[in-house]
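First listed ligand is number 1; within each ligand, the first listed atom is number 1.
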Amino acid sequence: MPGLVDNSGRTIRHLRISITDRCQLRCRYCLPEEGVRLLDHADILRYEEILAVMRVALREGIASARLTGGEPLLRRGVVSLVRDLALLEGLEDLSLTTNGIALPELAKPLREAGLGRINIGISSLDREVFRELTRGGDLAEALRGLEAAVAAGFRPVKVNVVALRGINDDIAPFLDLTRAYPVEVRFIEYMPIGPVPSERYFVPVAEIREKLAAHGPFEDAGRSAGYGPAECGQRILGAPGSFATISSVDGHPCGRCNRLRLTSDGHLRPCLLSGREVDLKPALRPRHDPERLRALLHEAVAEKPVSMPDAASDRGRGMSQIGG
Ligand code: SAM
């Protein structure tokens with residue numbers, strides 16, 4: 001059985017694919033005030049190039065893919081990309097991370113095209129805080145997206161909440177959300193790759209768990225579907241939804257890291273927190289070269305750091321350019 005096993009024995013099974021660097025929100029934990037330089041259209045991978053990468057990746061042992069961005073639903077033709085990906089042999093799990101705004105139109109077509117799971121980033125349920133955090137976003141639009149995802153039959157719909165001290169660390173409204181909808185709320189540690197100062201805003205998951213405990217009793221909701229890092233979920237007794245925490249910094253999750261990231265301009269990132277990238281373009285243009293793609297995929301896996309690169313290391317791109 002072929003496989004992508006790195007130097008410390010981790011088997012790489014998951015590929016996160018950023019399909020655009022554009023987004024209509026400007027979340028403060030994701031984008032710097034001044035914005036980021038957007039890629040030229042010609043540099044962004046075409047769908048047939050993404051499919052070519054995916055075909056090789058599947059042969060090498062990747063089994064799960066997540067589309068992300070920027071905002072993936074802003075990219076024209078995303079439903080047809082999902083349809084083509086879903087038809088690829090060996091893809092066990094196909095998911096997408098979105099801000100939810102376009103889901104009222106797209107949730108049903110995406111589900112019909114074969115998308116398995118959806119994550120929606122909603123970092124506050126307070127209208128004003130949401131507007132402030134996203135620099136102008138409308139919470140009502142995101143919530144309409146969430147309802148559309150539930151109505152289209154996605155189970156669970158995961159809700160990403162990047163916890164920021166003093167801003168959105170009141171967890172009670174999110175617990176109410178789990179009482180109302182079959183969603184899985186995931187409280188995520190803010191990663192220092194974002195533009196707001198960690199010293200001031202970082203909330204460790206241990207603290208979030210303490211806050212959660214005050215709202216118990218809870219029952220076990222089991223391990224969440226997918227290939228991601230969330231811990232076992234819990235639910236309020238009788239609630240349709242559940243919640244979990246994701247320790248992206250404090251829990252040193254590197255030992256369990258099973259993923260590679262593909263940027264929208266065709267660079268594989270072995271690690272979110274290291275600026276090292278492997279450019280796949282030479283294996284895609286002017287024509288697809290599956291053997292070279294395979295070699296580059298293995299090169300990226302071999303470059304996965306064993307542990308978290310230190311804070312001073314060059315991280316290259318920001319979260320909006322890599323895909324969260
Ligand atoms: N536009 C989509 C969205 O809003 O979810 C997809 C792209 S966004 C970069 C993907 C996810 O990255 C977000 O849902 C958010 O949870 C996460 N994210 C962004 N910046 C982060 C940070 N500094 N720390 C932890 N998570 C972050």
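- The ligand atoms of ligand 1 that sit less than 4.0 angstrom from a heavy atom of Met191 are 22 (C), 23 (N), 24 (N), 25 (C).
- At the shortest separation from atom 21 (C) of ligand 1 among protein heavy atoms lies Met319 CE, 3.3 Å.
- Compare Asp21, Thr97, Val196 by their heavy atoms: the one nearest to atom 10 (C) of ligand 1 is in Thr97.
- Note on Val150: it clusters hydrophobically with Phe243, by side-chain heavy-atom contacts below 4.5 Å among ILVMFWY residues.
- Glu303 and Asn7 form no side-chain donor-acceptor contact under 3.5 Å, judged by distance and modelled atom types alone.
- Protein heavy atom in closest approach to atom 11 (C) of ligand 1: Gly324 CA, 4.1 Å.
- Close N/O approach between Tyr190 and ligand 1 is not found [any backbone or side-chain N/O within under 3.5 Å].
- No hydrogens or angles considered: a donor-acceptor pair under 3.5 Å links the side chains of Asp265 and His267.
- Which of Asn160, Thr98, Ile120, Leu73 comes nearest to atom 16 (O) of ligand 1 through a heavy atom is settled by distance: it is Asn160.
- The shortest side-chain heavy-atom distance between Arg209 and Glu207 does not fall under the 4.5 Å cut-off.
- Per-residue contacts place Thr68 under 4.0 angstrom from the following atoms of ligand 1 (heavy atoms of the residue considered): 6 (C), 7 (C).
- In this structure, a donor-acceptor pair under 3.5 Å is present between the side chains of His298 and Glu60.
- Residue nearest to atom 1 (N) of ligand 1, selected from Gly70, Gly121, Cys23: Gly70 (by heavy-atom distance).
- Within a 6.0 Å radius of CZ in Arg127, no more than 12 heavy atoms belonging to other residues, nucleotides or ligands are found.
- By heavy-atom distance, the residue among Val162, Ile246, Leu164 lying nearest atom 26 (N) of ligand 1 is Val162.
- For ligand 1 and Glu71, the ligand atoms under 4.0 Å from any heavy atom of the residue are 1 (N), 2 (C).
- Arg111 forms a cation-pi arrangement with Phe154, by the criterion of a distance under 6.0 Å to the ring centre and an angle within 45° of the ring axis.
- Donor-acceptor pairing under 3.5 Å is recorded for the side chains of Arg186 and Asn160.
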>> Could you go through Asn168 and Ser124, starting from their C-alpha distance and side-chain angles, then the distance that decides it, and tell me whether this counts as side chain to side chain donor-acceptor pair (under 3.5 Å)?
In response: CA-CA 6 Å; Asn168 65 346; Ser124 176; over 6 Å; no
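- Between the side chains of Glu71 and Thr20, no donor-acceptor pair is found at a separation under 3.5 Å.
- Atom 8 (S) of ligand 1 is not flagged as protein-proximal [any protein heavy atom, distance under 4.0 Å].
- Counting protein heavy atoms only, atom 23 (N) of ligand 1 is closest to Tyr29 O, 3.0 Å.
- Residue contact check: Gly69 has heavy atoms under 4.0 Å from atoms 7 (C), 9 (C) of ligand 1.
- If you look at Asn99 next to ligand 1, the close heavy atoms, those under 4.0 Å, come from the backbone and the side chain alike.
- Below 4.0 Å from some heavy atom of Gly194 lie the following atoms of ligand 1, by number and element: 23 (N).
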